[in-house]
Amino acid sequence: MTQCEAVLEFMRVFGEITQKDAYGMDIYRLASRISDLKRMGYNIQSDTVTVKNRYGDNCHIKQYRLEAAPGA
């Protein structure tokens, strides 16, 4: 399974993906994989969400979701 396929499958199963999720799959350049998927025709939207880091400080991260597959 390619990294793009893994990202797609994760979004299909869980609805969204963040960099933290991608790290768990040994994908360290999520934004690049999202860019690849967009070039393939997938409609992927993103939101900036606020999470706490390990020190309890607020951080802003991207959360990606698959809106529609090509041809859908």
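Owing to the predicted nature of the structure, the values given are computational and were not obtained by experimental measurement.
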Pairing residues for Y28 by the side-chain hydrogen bond (donor to acceptor under 3.5 Å, both in side chains) criterion, not counting sequence neighbours: D26
Restricting to side-chain hydrogen bond (donor to acceptor under 3.5 Å, both in side chains), what partner residues turn up for Q19, sequence neighbours left out? none
Look only at the side chain of D47 and the backbone of V49, and say whether a donor-acceptor pair between them is shorter than 3.5 Å. no
Between the main-chain N or O of A6 and the side-chain N or O of E9, is there a donor-acceptor pair closer than 3.5 Å? no
Across all chains, not counting sequence neighbours, the salt bridge (Lys or Arg N to Asp or Glu O under 4.0 Å) partners of R39 are D36
Contacts of type salt bridge (Lys or Arg N to Asp or Glu O under 4.0 Å), residue D57, not counting sequence neighbours: none
Run H60 and T48 through side chain to side chain donor-acceptor pair (under 3.5 Å) and show every step you take. CA-CA 6 Å; H60 305 284; T48 302; over 6 Å; no
Would you check, one step at a time, whether the test side-chain contact (heavy atoms from CB on, under 4.5 Å) holds for M40 with C4? CA-CA 10 Å; M40 290 180 214; C4 286; 4.0 Å; yes
Is there a side-chain contact between R12 and L66 (heavy atoms, below 4.5 Å)? yes
For residues Q63 and I17, determine if any side-chain heavy atom of one lies less than 4.5 Å from a side-chain heavy atom of the other. no
Applying side-chain contact (heavy atoms from CB on, under 4.5 Å), can you list everything that pairs with S32, at least two apart in sequence or on another chain? R29
Just jot down the side-chain contact (heavy atoms from CB on, under 4.5 Å) partners of K20, sequence neighbours excluded, or say none. T18
